[in-house]
Colleague: 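Handing you this structure, nothing more for now.
Values in this document were obtained by computation on a predicted structure and should not be read as measured data.
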Amino acid sequence: MKQLALALVAAAALASNGAAAQPGPGASCAAKREAIGRDIEAAKADGQTQRVRGLERALAEVRRNCSDARLAADHRQRVRTQERKVADRERELRDAQRKGDADKVARREDKLREAQAELQRIKDLP
């Protein structure tokens with residue numbers, strides 16, 4: 001699975017103008033294959049042979065290692081990790097409120113909002 005992640009990161013790095021076409025981490029394996037295929041076609045049309053080779057390696061890794069069950073499990077793990085982070089930020093905020101430091105309370109509130117927004121973003125991924 002680490003090889004798959006590295007291959008996808010490498011492909012995204014190589015895909016300067018096609019990186020936005022890559023599906024999010026919650027996407028299915030079929031969506032990942034289709035997105036990489038589109039990027040390969042675009043790279044071929046632009047004559048970017050190095051990028052094509054990198055994307056073809058990424059596509060081979062996705063075909064070899066990607067499973068929708070594993071992607072779903074990874075997504076659930078990311079959600080649980082972020083939920084723990086939100087809980088930690090809530091605890092930190094309560095501690096700051098108990099101490100009565102207004103500056104610290106404001107900083108902790110900002111961090112909590114950021115963690116909650118990130119949790120929502122992760123939950124909203126396909």
Colleague: Who pairs with R98 by side-chain hydrogen bond (donor to acceptor under 3.5 Å, both in side chains), at least two apart in sequence or on another chain?
Modeller: D95

Colleague: Quick check: does any side chain N or O of H75 sit under 3.5 Å from a backbone N or O of I122, one acting as donor and the other as acceptor?
Modeller: yes

Colleague: Between Q82 and A115, is there a donor-acceptor pair closer than 3.5 Å when you use the side chain of the first and the backbone of the second?
Modeller: yes

Colleague: Got a donor-acceptor contact below 3.5 angstrom from the D68 side chain to the C29 backbone?
Modeller: yes

Colleague: Applying side-chain hydrogen bond (donor to acceptor under 3.5 Å, both in side chains), run through R78 and T81 and close with a yes or a no.
Modeller: CA-CA 5 Å; R78 282 192 300 276; T81 299; over 6 Å; no

Colleague: Under a 4.0 Å threshold between the charged nitrogen and the carboxylate oxygen, would R70 count as salt-bridged to D74?
Modeller: yes

Colleague: What is the distance from atom CZ of R53 to atom CD1 of I40, rounded to the nearest 0.5 Å?
Modeller: 12.5 Å

Colleague: Under 4.0 Å between a side-chain nitrogen and a carboxylate oxygen: does that hold for R64 and E61?
Modeller: yes

Colleague: Which heavy atom of C66 sits nearest to which heavy atom of L71, and what is that distance?
Modeller: SG-CD1, 3.6 Å

Colleague: Are side-chain heavy atoms of D39 and R51 found at a separation under 4.5 Å?
Modeller: yes

Colleague: Would E118 and K123 satisfy side-chain contact (heavy atoms from CB on, under 4.5 Å), going step by step from the backbone distance to the final call?
Modeller: CA-CA 9 Å; E118 179 65 10; K123 284 182 175 181; over 6 Å; no

Colleague: Show which side-chain atoms of residues 100-112 pair as donor or acceptor with protein atoms under 3.5 Å away, not counting sequence neighbours.
Modeller:
from	atom 1	to	atom 2	distance (Å)
D101	OD1	D103	N	3.2
D101	OD1	K104	N	3.4
D110	OD1	R113	NH2	2.4

Colleague: Measuring from atom CD of Q48 to atom CG of L55, what distance do you get when rounded to the nearest 0.5 angstrom?
Modeller: 9.0 Å

Colleague: For the pair Q77 and R80, evaluate side-chain hydrogen bond (donor to acceptor under 3.5 Å, both in side chains) and give the outcome as yes or no after the intermediate values.
Modeller: CA-CA 5 Å; Q77 180 60 41; R80 283 192 300 270; 2.8 Å; yes

Colleague: Which one of E90, R121, R89 satisfies the side chain to side chain contact (heavy atoms under 4.5 Å, CB included) criterion with Q116?
Modeller: E90

